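For the single chain, residues carry numbers from 1 onward in sequence order. Since the structure is predicted, the reported quantities are computational estimates derived from the model, not experimental observations.
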Amino acid sequence: MNGSLRQVRVRYEGDVQGVGFRYVVRGLANPLGVAGGVENLNDGAVQLVAEGPEDVLKRLLLQIRVSRLGPLIAREQVEWGEAQGLEGFYYR
């Protein structure tokens with residue numbers, strides 16, 4: 001596992017609200033030990049912010065794409081940055 005911590009911020013668009021998106025993402029993120037959270041946005045999108053080793057974050061993004069959520073995602077915007085020291089995993 002790569003030891004340097006990164007942050008990934010992903011905006012998911014499509015049929016992503018009201019379908020258990022946040023619940024599934026939290027379920028995928030928790031076993032990987034990433035910090036951050038997932039929340040619905042007012043415009044109908046969902047935002048994921050996650051921190052951890054880059055290889056683990058890439059695994060999380062892949063798991064989201066191949067899960068039952070994949071067909072619901074019309075577009076995803078991914079931004080990488082430096083970790084900010086988030087703790088836990090929120091869901092709103």
Side-chain angles (χ1 to χ4, degrees):
M1 222 180 353
N2 180 350
S4 67
L5 299 181
R6 300 288 312 270
Q7 182 183 91
V8 65
R9 184 177 300 265
V10 186
R11 175 186 169 87
Y12 293 100
E13 298 174 359
D15 295 323
V16 294
Q17 288 192 12
V19 294
F21 197 97
R22 295 171 298 159
Y23 178 80
V24 171
V25 170
R26 183 179 62 180
L28 294 171
N30 282 337
L32 294 175
V34 302
V38 60
E39 64 184 306
N40 285 341
L41 301 177
N42 291 334
D43 63 2
V46 172
Q47 177 175 263
L48 166 68
V49 178
E51 292 187 356
E54 187 171 340
D55 59 333
V56 174
L57 296 175
K58 286 179 178 179
R59 187 176 328 146
L60 173 61
L61 298 186
L62 177 62
Q63 287 180 355
I64 292 169
R65 284 185 211 110
V66 301
S67 74
R68 69 173 184 83
L69 302 175
L72 304 174
I73 300 168
R75 180 177 179 195
E76 66 181 345
Q77 297 171 290
V78 180
E79 295 178 18
W80 289 92
E82 297 303 316
Q84 302 298 310
L86 298 176
E87 295 182 7
F89 198 85
Y90 67 84
Y91 168 99
R92 6 178 183 196

Rounded distance (nearest 0.5 Å) linking atom [atom1] of [X] with atom [atom2] of [Y]:
X: Gln17; Y: Asn42; atom1: CD; atom2: CG; result: 8.5 Å
X: Leu48; Y: Leu57; atom1: CG; atom2: CG; result: 8.5 Å
X: Ser67; Y: Ile73; atom1: OG; atom2: CD1; result: 6.5 Å

Check: residues 77-92 side-chain donor-acceptor pairs under 3.5 Å, at least two apart:
from: Gln77; atom 1: OE1; to: Arg11; atom 2: NE; distance (Å): 3.4
from: Gln84; atom 1: NE2; to: Glu82; atom 2: O; distance (Å): 3.0

Completion exercise
Residue set satisfying side chain to side chain donor-acceptor pair (under 3.5 Å) with Gln7, at least two apart, ordered chain then number -> Glu51

Problem - Residues that Glu76 engages under salt bridge (charged side-chain N to carboxylate O under 4.0 Å, His left out), provided they are two or more places apart - result: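 Residues passing salt bridge (charged side-chain N to carboxylate O under 4.0 Å, His left out) with Glu76: Arg65.
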
Please list all pairs meeting ring-ring contact (aromatic ring centres under 6.0 Å, His included) that have one or both residues in [range], counting only residues at least two apart or in different chains.
range: residues 33-67; result: none
range: residues 6-29; result: Tyr12-Phe21
range: residues 27-47; result: none

Mind checking whether [X] and [Y] sit in one hydrophobic cluster, side chains of I, L, V, M, F, W, Y counted as touching below 4.5 Å?
X: Leu60; Y: Leu62; value: no
X: Val10; Y: Val49; value: no
X: Leu41; Y: Leu69; value: no

Problem - Pairs involving residues 25-38, ordered by first then second residue, that meet salt bridge (charged side-chain N to carboxylate O under 4.0 Å, His left out) (sequence neighbours left out) - result: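 Every candidate salt bridge (charged side-chain N to carboxylate O under 4.0 Å, His left out) pair involving residues 25-38 fails, so no pair, neighbours aside, qualifies.
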
Practice task
Please check if atom CZ in Arg75 has more than 12 non-hydrogen atoms from other residues, nucleotides or ligands closer than 6.0 Å.
Solution key: no

Handout entry: Partners meeting side chain to side chain contact (heavy atoms under 4.5 Å, CB included) with Gln63 (sequence neighbours left out)
Key = Leu28, Leu32, Arg59

Completion exercise
Closest non-hydrogen atoms of Val16 and Gly44, given as atom of the first, atom of the second and distance, are CG2-O, 3.5 Å

